[in-house]
Amino acid sequence: METRKAVLICIFATILYFTVSDASSAEKILHQTLFVNYSAHVLPVEDTSDKLSVGYTFLITMLMDVDEKTQVVTVHGISKSVWYDYQLQWDPDDYDGLTDIVVPEEWVWKPKTALLNSATGDFYVPTAGVAQIYSNGTVRVVTLATLKFPCTLDIHNFPFDTQRCWAIFSPFLYNADHLVSETLPDDLFSTSIGENTEWTIQGGTSEVIVLQTTYPVENWSNIQVTLIFKRRPLYYMVNIIIPCALMAMMTILVYLLPCDCGEKMSFSVSLLISMSVFNLLVADIMPPTSNSVPLIARYLLFNMVLVSLSILKATIVLRLHHRPKRHLQMAAWVRRVFIDVLPSLLLMEKCKCNTANVVSDINTVQPVFVPTKARKRPSRAEHVDQNLTIMNITYDELDAVEQNNQKKECTSFGVQTFQEMLQEVKEQRKKTEDAEMDDSLLEDWKYVATVIDRFFLWISSIIYFVGTFAMFSAVDFDI
């Protein structure tokens, strides 16, 4: 049994040896037959008036880098060229069924493909060193290449932008009178090798374009590969947009701070400085172009304007809250608008202003005696009234005494002293009423400042949310 198995193995090895030897001999003979009179420097056409068609495609396997500063795109891919060479044909039956062979590329004619819009000094696409030849005369050359080409980036919607870039491949040594470029029906993109962490390839196209030179006038048949890729905005949303939006919302909270806390202005200035820092971060990664303003820069500028306006509004509110005494008089329209009308519209508590009750004729004030147990803490004006009440003197009697004293001369020392005391009491009463009037007017101005603060709160909130929605409504948030 063991002997039979050994004999079978020997027979199989012998058959395989002679088969491989025959195949190797057939391929060697085919090489000698095909290239005996072949020239790799002659365009493979039967007639000089014929045009050679060359199919070309560039399979992009990885988007390696997109430099926004220099606006240069780096891609890694596979360059594929296919054409027909009438001299490189054979019958597979004559060569043990060989349908294709692989030879060094120096043995065959090949188009010298160049990247016209290369961003480096080397315009020619690298070659692989080998060519694959099929029995029907088709020649295929496949090459791995890393290419860099410029791309004008459209940063209008940054960081939610989609870019479209072009790479133009040309058979640089032959114009359209001798060589015609064609697109291959292969896929242009493959992510089987790797993905970019910042960009996602959306698609692309490959088409034939004809470029014309002015001197001499010649047409060149080229292949234009269009690359479409979209930015992944998650990094910018987490590190720039969301913090900026939170700070902008904090700007709205400035209007809720009371004026007496002393932090209203400093809080707004701190927010403005923070916005400026974010703006510098965005400017550092953006290309120095004036074609368009990025969405994120417009949003930061919008928020900086809101913060700047909040500083201006805080200045106005603080000025009204700390109104100087020489400017305490309030116009009728101010009282009507900011005390009577706006509070109800802004859902605020109505002002309990009593300024009108303070301004009264002195002659109409009647003293009222309040028992000690029922009395609250008297004001300055009430204190003067109570002193006159205890003395059982009214303001009418004070005026009558003053008029009588003017009609007749009174030399009595007691009456003169009493008259001076009454005059001092009246002056004290007037000062007290003026002080209470100022205090009441100042409280009215503080209430007006609160109303204006609430009004700015509503206006800023509406502007912020409407402006933010208008900016980001047309944005694709696919992360």
Side-chain angles (χ1 to χ4, degrees), residues 43 51-68 70-84 110-128 139-156 161-191 193 196 199-231 287 289 291:
L43 188 68
K51 297 181 180 180
L52 179 65
S53 297
V54 177
Y56 184 82
T57 187
F58 189 82
L59 173 65
I60 298 176
T61 57
M62 183 188 302
L63 179 61
M64 300 182 66
D65 182 48
V66 178
D67 192 339
E68 286 90 351
T70 59
Q71 301 196 39
V72 173
V73 177
T74 304
V75 296
H76 181 77
I78 301 174
S79 174
K80 181 179 179 182
S81 299
V82 179
W83 66 93
Y84 171 74
K110 61 183 182 301
K112 195 69 172 178
T113 305
L115 178 62
L116 294 185
N117 59 334
S118 175
T120 62
D122 187 7
F123 290 90
Y124 290 105
V125 178
T127 56
V139 183
R140 186 180 71 170
V141 175
V142 179
T143 305
L144 294 175
T146 299
L147 304 179
K148 292 184 178 182
F149 51 91
C151 178
T152 302
L153 301 180
D154 182 11
I155 58 174
H156 183 74
D161 52 330
T162 300
Q163 304 298 334
R164 183 184 297 267
C165 300
W166 297 270
I168 302 177
F169 299 91
S170 174
F172 193 68
L173 299 179
Y174 298 93
N175 58 26
D177 295 333
H178 301 89
L179 190 148
V180 178
S181 299
E182 296 180 352
T183 59
L184 296 178
D186 296 348
D187 294 333
L188 292 175
F189 307 99
S190 174
T191 57
I193 297 180
N196 190 282
W199 299 89
T200 302
I201 297 178
Q202 299 290 306
T205 59
S206 179
E207 59 181 345
V208 178
I209 62 172
V210 178
L211 299 179
Q212 188 179 68
T213 58
T214 57
Y215 185 80
V217 179
E218 292 179 338
N219 293 326
W220 299 82
S221 181
N222 305 318
I223 299 294
Q224 177 176 283
V225 176
T226 303
L227 173 64
I228 302 174
F229 49 96
K230 186 179 185 301
R231 190 191 304 270
T289 177
N291 295 333

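The chain is numbered in sequence order, starting from 1.
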**Separation between OG1 of T152 and CZ of R164, rounded to the nearest 0.5 Å** = 13.5 Å
**Asked** Atom OG1 in T113, atom NZ in K80: separation rounded to 0.5 Å?
**Response** 14.0 Å
**Fill in**
Heavy-atom nearest pair, D154 first then D161, reads O-CB, 3.8 Å
**Asked** Do E68 and I155 have side-chain heavy atoms sitting under 4.5 Å apart?
**Response** no
**Fill in**
So OG1 of T74 and CE of M64: to nearest 0.5 Å the spacing works out to 7.0 Å
**Asked** Hey, what do you get for CG (L227) to CD (Q163), rounding to the nearest 0.5 Å?
**Response** 10.0 Å
**Request:** Run the numbers on V66 and F229 for side-chain contact (heavy atoms from CB on, under 4.5 Å), then give the verdict.
**Result:** CA-CA 10 Å; V66 178; F229 49 96; 3.8 Å; yes
**Heavy-atom side-chain proximity of I168 to F149 below 4.5 angstrom** = no
**Prompt:** Looking only at heavy atoms, which two atoms of K51 and D177 are closest? And how far apart?
**Reply:** CG-O, 3.5 Å
**Prompt:** Between the side chain of N117 and the main-chain N/O of W166, is any donor-acceptor distance below 3.5 Å?
**Reply:** yes
**Fill in**
Scanning both residues in full, the closest heavy-atom pair of S79 with Y56 reads OG-OH, 2.7 Å
**Request:** Look up atom NZ in K110 and atom CG in L173, then write down how far apart they are to the nearest 0.5 Å.
**Result:** 10.0 Å
**Request:** Answer whether the closest heavy-atom distance between the side chains of I223 and V208 falls below 4.5 Å.
**Result:** yes
**Asked** Mind checking what makes side chain to side chain donor-acceptor pair (under 3.5 Å) contact with S170, not counting sequence neighbours?
**Response** N222
**Message:** If I take atom CG from residue L116 and atom CD from residue Q224, how far apart are they, to the nearest 0.5 angstrom?
**Reply:** 10.5 Å
**Message:** On a heavy-atom basis, which atom in P171 and which in S221 lie closest, and how many Å separate them?
**Reply:** CD-O, 3.2 Å
**Asked** Does S181 reach the side chain of V54, with side-chain heavy atoms less than 4.5 Å apart?
**Response** no
**Request:** List the atom of L63, the atom of V73, and the distance in Å for their closest heavy-atom pair.
**Result:** CD1-CG1, 3.6 Å
**Request:** Would you indicate whether the side-chain heavy atoms of N175 and W220 approach each other to under 4.5 Å?
**Result:** yes
**Prompt:** Are the side chain of E218 and the backbone N or O of T213 linked by a donor-acceptor pair below 3.5 Å?
**Reply:** no
**Prompt:** In terms of the angle between their ring planes, are F169 and F58 parallel, tilted or perpendicular, with boundaries placed at 30° and 60°?
**Reply:** parallel
**Note, L147 side chain near S118 side chain (heavy atom, < 4.5 Å)** = no
**Closest contact, heavy atoms only, D67 versus L153** = O-CD1, 4.4 Å
